[in-house]
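Here is the structure we will look at, set down as structure tokens.
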Amino acid sequence: MALSITFFAAPPNLNSTLSCPLKTNCLGFLQLLKSKPRIRIRRELKSAAAMFPDNLVVSDVMAVGLSGGVALSLLKLWEQTAKRGLFDQKLNRKLVHITVGLAFMLCWPMFSSGRQGAMLAAIIPAANIIKMLLIGLGISKDDATVKSMSRFGDHRELLKGPLYYASTITLAAVLYWRSSPIAIAAICNMCAGDGMADIVGRRFGGQKLPYNQNKSIVGSITMASAGFLASIGYMLYFSSFGYMEESSKMVLGFLIVSIAAALVESHPLSTELDDNLTVPLTAVLVGSLIF
């Protein structure tokens, strides 16, 4: 019996027209495996942050209580250190300046997404606005607060820097909230940037700026660096919850905003007005152009 073998030749364009379904499905499955853990982690972080995910009103009210407790505890802590004279008054004031705003922003994931969470979160710094007005206008008396937040122990000072500080955090929550890099840039450059600039500048700022003898080169560099690094930290923090996507473009934007804020803060006009006013305004204006 003769054995005949027939060879079949595939058309030359077969590879370009046909694809293996198994290969396509495998690639899709692998991509899903890569993306799923990150999505799952973000979902679990959101669930952990929200105390009552089935009842957002109750959850937000609880978040107000907890985050308000954190802010109040820090304020009381620095009031006691000022009262006992544990730190220099200027250093104590800057420690309040750095920690309160940044700690409050750490509490933002506890609130729900959308307008309700933002408005309820803003209640806490808004309450501080009322407090600054009452003490600053002399309606209420609180020597511990005045000593921990003022330069010279004058209650009227609370109508400037501390009032601008609380107003910035309130507006950042209401207008931008945690999905906006502008909110991060405004708060981080005001709290971390301006706060660290004063601490480091007073200690190591022997070489002054040629256009402002009240500011040092070291202090300005510290401000830009601290504001930038804090912004990056909060970008990564909020992106871990899925509120924003970190990117090299956003990192570059934070760098530009921090440099601009440091330049404005170093100008003599900024000192006359108030750094707590000029720095966040610069961050918002420059950030609006970049982000």
Can you tell me if Q207 has over 12 outside heavy atoms packed within less than 6.0 Å of its CD? no
Do [X] and [Y] sit in the same hydrophobic cluster, where Ile, Leu, Val, Met, Phe, Trp and Tyr count as joined when their side-chain heavy atoms come under 4.5 Å apart?
| X | Y | value |
| --- | --- | --- |
| L163 | L72 | no |
| V218 | V264 | no |
| I98 | Y164 | no |
| Y234 | M196 | yes |
| M244 | Y237 | yes |

Each residue besides F152 in its hydrophobic cluster should be listed here, by chain and number; the cluster joins Ile, Leu, Val, Met, Phe, Trp and Tyr at side-chain heavy-atom distances under 4.5 Å. none
Cation-aromatic face contact R178/Y243, 6.0 Å, 45 degrees: yes
[X]: what forms a salt bridge (Lys or Arg N to Asp or Glu O under 4.0 Å) with it, not counting sequence neighbours?
| X | answer |
| --- | --- |
| D88 | none |
| K83 | none |
| R156 | D154 |
| K94 | D194 |

Once salt bridge (charged side-chain N to carboxylate O under 4.0 Å, His left out) is applied, what residue pairs with a partner in [range] remain, sequence neighbours excluded?
| range | answer |
| --- | --- |
| residues 273-285 | K215-D275 |
| residues 252-263 | none |
| residues 179-188 | none |
| residues 97-107 | none |

Just jot down the side chain to side chain contact (heavy atoms under 4.5 Å, CB included) partners of R203, sequence neighbours excluded, or say none. none
State, yes or no, whether a side-chain contact exists between [X] and [Y] at a heavy-atom distance under 4.5 Å.
| X | Y | result |
| --- | --- | --- |
| I123 | L120 | yes |
| L75 | M149 | yes |
| K131 | I135 | yes |

Output side-chain donor-acceptor pairs under 3.5 Å for residues 281-291, partner residues at least two apart or in another chain, one line each.
{"unit_1": "T282", "atom_1": "OG1", "unit_2": "T278", "atom_2": "O", "d": "2.7"}
{"unit_1": "S288", "atom_1": "OG", "unit_2": "V284", "atom_2": "O", "d": "2.6"}

N-O pairing of D143 and K147 below 4.0 Å: no
With a 3.5 Å distance limit and no angle check, can you tell me whether S270 reaches the backbone of H267 through a side-chain donor-acceptor pair? no
How many angstroms lie between CG in L95 and OG1 in T81, if you round to the nearest 0.5 Å? 7.0 Å
Could you go through T99 and W78, starting from their C-alpha distance and side-chain angles, then the distance that decides it, and tell me whether this counts as side chain to side chain donor-acceptor pair (under 3.5 Å)? CA-CA 10 Å; T99 57; W78 300 126; 2.9 Å; yes
Side-chain H-bond candidate by donor/acceptor type, S148 with N92, under 3.5 Å: no
For residues 102-111, please give each side-chain donor-acceptor pair under 3.5 Å, one per line with the distance, not counting sequence neighbours.
none

